[in-house]
Amino acid sequence: MSMRRAAVVGAGMTKFVRRALETPKELSWHAAKLALESCGLTLADVDAVCIGSAPDAFDGVHMKGEYLADGSGAWGKPVMRSFVGGGTGVFLGPQGWYHVASGLFDVVLIVAEEKMSSYYPHAQAAFLTIFDHTTERPLEPNLLWIFALEMNRYMQTYGISKRDIAQVAVKNKRNAADHPAAMLGEANITVEDVLSSEVLAWPVQRLDVSPVSDGAVAIVMASEDAAKRITDKPVWVQGVGWNLDTAYWTNRDLAYPEYVERAARMAYEMAGVREPRKEIHIVEPYDPFDYKECHHLEGLLLADRGRAPELVADGVTLRTGTMPSCPSGGLLGVGNPITAAGLMKIAELFWQLRGEAGARQVPGTPERGLAQAWGGLMQVGTVTILGTERPA
Amino acid sequence: MTSRVAVVGVGWTGFRPVSPEASYKELMYEAATRAYADAGINPRADVDSFVTVAEDFHEGTSIFDEYVPDQLGAAQRPMHTITGDGLHGLAAAVMQVLTGRFRIVVVEGHSKASNILTLPEITAYAMDPVLNRPLNAHPIAVAALEADRYLHETGTTRAHCAAVVAKNRRNALGNPAAAYGAEVGVEQVLGAEAVASPLSRLEISDHADGAIVMVLADAEAARRLSPHPVWIHGVGWANDSPTLESRSWGRAVYAERAAAMAYRMAGIDDPAAAIHFAEVDDTYAFKELQHLEALGLCGRGQAGPMTADGATGPRGRLPVNVSGGSLGGGHLLDAAGLARALEVVLQLRGQAGPRQLRGVTTGVAQSWRGVPTTSGAVAVLSSAPNGRVP
Amino acid sequence: MAQHTASLPGTALREDDIQSGRALTVYHEVRAAYAWDAGLAIGRYLDALREGHLLGVRCVRCDRTVVPPRAFCEQCFGPMDAFVPVADVGTVNTFSLCYVTWDVKRIADPLLPAVIDLDGTSPRAGILHLLGGVKPDAVRVGMRVRAVWKPSRQRRGAITDIRYFKPLRGG
Amino acid sequence: MPLDPTLHVERLRAWRGEIPAAHRYTVGPAGERFFRALRDEGRILGTRCNRCGITYVPGRLFCERCFDELHDWGEVGPAGTVEAATALHLGPDGAPLPRPVMLALVRLDGADTVLFHYLDELGPAAATIGLRVVPVFKPVAERTGSILDISYFRPA
């Protein structure tokens, strides 16, 4: 059976800020309205809505998808909220794709929102409850533990130093200086700054971590016929993949994200990508922590295991390198309103592949990009591949 | 059009007021094992994608999605959560099959409602934090206001609502999976303790624990796997305004729109003629009536009198909630809609035991996500493979 | 130029705007309390902890012994075959020195969370716990450690019946 | 199930825990305008969507139907009509209340939407649909910029 094609035709976003005045609904509305305006559509053109948002405990509303529906443009419309933890923002690619590719809808509005500042006193406390309620929570874990444990295992397994990894934070924060949505911060930090920043949970230090933020991002996805009506520059969904590993995260090899590889292989297969290192021109891997970008580049098969830091050191992943990674500035640079940050990666590919990324534009004429996010207890891989060429 | 997706396996465990011998994982594992045995599949080899429905605050875990794959056979497989009702999950699975890239997709929903110690506070936490929550009201107030408005606009009486309770609790006596089967009279319902006028204690469904798993397949796999595939002719889902301020209070607009979408997909112009029986949301007794009207199975204000006359009873012309519904079966939180679809599947397969309806080929399942939402979903299921019902 | 490079919406507040009341806010704490049924596998795990030992489960088909127990094997999807005792001695798979509590309060003496691979389990079948009785800068991946249990009358059938894992003498 | 089941009811365990969740919610730019007018002037403001012909109360930043930004602010009420009412016998934790609380949907004159709020001082009037009501404000000094700056509605 030939597949019904889908394309991204519009995108919009709010600024990412530490603490927003706007309510979650209002943030969603701003992003959704900008996305519609960017392709000359109105809400009346929208057939269905997909919402992505991370734990309800952040915004502080149970059944958050229901609460966000009006701000997301879902009044009177079919709407579903998907949820795969931190992987949700990029999972909106697959979710929007299957809405369109099913043949049920022609124009789908896709909205990701997070307001982490509502949680008091600090959003990180909401993460206590991601751990198993009976066998882990009594140990009073915090979110940093699981990253620190994974980062340490990764470094130990491959003999990687903190210095190797810190370059990711430097690169992404510098890239973000060109992003109009980026949180105000120091754009020009050095590796020494990262290494001398406050130790939170060794080996994780303050500047290894992306800042919690509020914000929203939206894109518009359309069927082939609708996309051609809407724009002469559709950016096609060429491949999607997702994968969820076991909940027993301590029973797993933390040095390598196999779930990311499985999600990537699913997306590559659909996109007909056989040599990802040649065929992926821009990559937006998930970078809530600097080592995660390396980890994910390896899971995506864009670097050999344990060798991603070398790509960073060699300048391969710079915006001007041969495989630009996080040209947006990523979560480390722009900010990390969880699902909104994930969908920002898809929006970035959309702008880059249309040559509309302004000061962030990667040189040449990139034809294909990949966005990836991760989530849960080191277990979710989500991948969306966009390209300028219409899929076969 | 010819239907391209069918239910080829169902499994469930429960439904019971409490389930202290099993963890949520063990409940889900049992339901999944039954569903895979029913479909004759190995989840580790044969399933292309898994969908679950859950809400973090019903589980007591943030990012509950994490804890789902193992007990469904979904570890290292495509799997995701929809924070919706089970029928939303079913619709997500249908869409995946319709893309042509997924042959077999599994949907799961469950309830461990007995493990939630503060459900009213948690439900209230779904209300607008600025405009509504400061009133510090039990969320049943929202349902009561809807009921007040619905009775006012349609002329439906409390006795009509009580007849729903009597019917569904009695129907549940014929369903071994139902938690709350009983002979309850209309007078007993009307005389029960007032909770939030016009709702009495007996008009409000109690929760139950349980898990439901369904295996969906494309047409080719369905014919290969199942001697009695149940075809999904249409799915629909929709929201009205989420705000208390600007929603419709008398009509279930979400159900009207969801039904319109599902009927359009199924090619149904006259639902009252095409649909032989219905499993609809009855979280509160009046909701069954309001939802029957929204589904176009009777005119506005007619569902109450029809129910009082027995037309929606098991031997009536439009049997409704033969399973016992949520009032008789127990409300399964996010799995509530899957419980409705489960009964439709069993009836269409002729496997409903003592409550089996005669001569039915097409049924509808409908769900609502409960207060304070305006979110609903509909599925039209049939034992006939052709989309247009004869 | 594309829409997104125009000035983007989103109004930044400072913490002081909230504290001073310059921005109106509504405060709410939800009471979200649960009693999660332990069920068969975790119920027995907790029983064993109270008795002072660690319990795993074994899948004969996959030739795998894992902790914490589960009623099913997530790899082959069959039911697990048996509960099996596992040693309270193991090897540090990875660790961290954490200077922040779960609710983001700074602490001077770091907590030492670790994944500990227990003897007698299959490769990569560790559990999360804390290390203790060791200087933070002396902790190493590969270090051999043993559980330090609470006295039996203080044990209540909880993962915290083990206070922490400490290095075996001689590492 | 191959694992021996636990057959002793008294050995069944349930592990207790909570999701700790405390929040401070901003009211947003539209909320700032609405609640300041309520607090400082005792006025109830709505916004009108001229495209859809709907006046939203409380005033909103955007129209949920057409997505237009709403700029057209105006005062509504203060009198209004009860659209639905209930006598609520349960407290927020599910325990019975010593006496019921009256709650209503009130459509203020000039509004197309309703307010969810308390009814009180009913006297001989029945809390029925169609009842004309007016808001009772808190004393100015006690107002905080909250929906509770209206204490309740009472018969007009």
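Scope of the values below: all heavy atoms of this structure, side chains included, with no hydrogens, waters or symmetry mates. These numbers come from a predicted model, not from an experiment. Throughout, a chain's letter reflects where its sequence line sits, starting with A, and its residues are numbered from 1.
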Using a 3.5 Å distance criterion without hydrogens, assess whether the side chain of [X] forms a donor-acceptor pair with backbone atoms of [Y].
{"X": "B:Ser114", "Y": "B:Val18", "answer": "no"}
{"X": "B:Glu30", "Y": "B:Leu27", "answer": "no"}
{"X": "B:Trp249", "Y": "B:Leu244", "answer": "yes"}
{"X": "B:Arg149", "Y": "B:Gly250", "answer": "no"}
{"X": "B:Asp282", "Y": "B:Leu327", "answer": "yes"}
{"X": "D:His117", "Y": "D:Ile147", "answer": "yes"}

With a 4.5 angstrom heavy-atom cut-off, which part of [X] approaches chain B: side chain, backbone, both or neither?
{"X": "D:Ile129", "result": "side chain"}
{"X": "D:Val57", "result": "backbone"}
{"X": "D:Val27", "result": "both"}
{"X": "D:Glu64", "result": "side chain"}
{"X": "D:Ala104", "result": "backbone"}
{"X": "D:Arg107", "result": "neither"}
{"X": "D:Ala14", "result": "neither"}
{"X": "D:Thr26", "result": "backbone"}
{"X": "D:Leu148", "result": "side chain"}
{"X": "D:Arg11", "result": "neither"}
{"X": "D:Leu12", "result": "side chain"}
{"X": "D:Phe116", "result": "both"}

For the candidates D:Pro58, D:Pro96, D:Gly31, D:Gly28, which exhibits the highest count of non-hydrogen atom pairs separated by less than 4.5 Å from chain B? D:Pro58

Does any heavy atom of chain D fall under 4.5 Å from the side chain of [X], the backbone, both, or neither of them?
{"X": "B:Thr33", "value": "neither"}
{"X": "B:Leu117", "value": "side chain"}
{"X": "B:Arg133", "value": "side chain"}
{"X": "B:Ala141", "value": "both"}
{"X": "B:Asn115", "value": "neither"}
{"X": "B:Ser241", "value": "both"}

Decide yes or no for [X] and [Y]: does some side-chain heavy atom of the first lie under 4.5 Å from some side-chain heavy atom of the second?
{"X": "B:Arg158", "Y": "B:Ser200", "answer": "yes"}
{"X": "D:Arg51", "Y": "D:Arg65", "answer": "no"}
{"X": "D:His23", "Y": "B:Tyr125", "answer": "yes"}

Please tell me whether B:Tyr254 and B:His291 form a close aromatic pair, meaning their ring centres lie under 6.0 Å apart. yes

What about the rings of B:Tyr150 and B:Tyr284, do their centers lie closer together than 6.0 Å? no

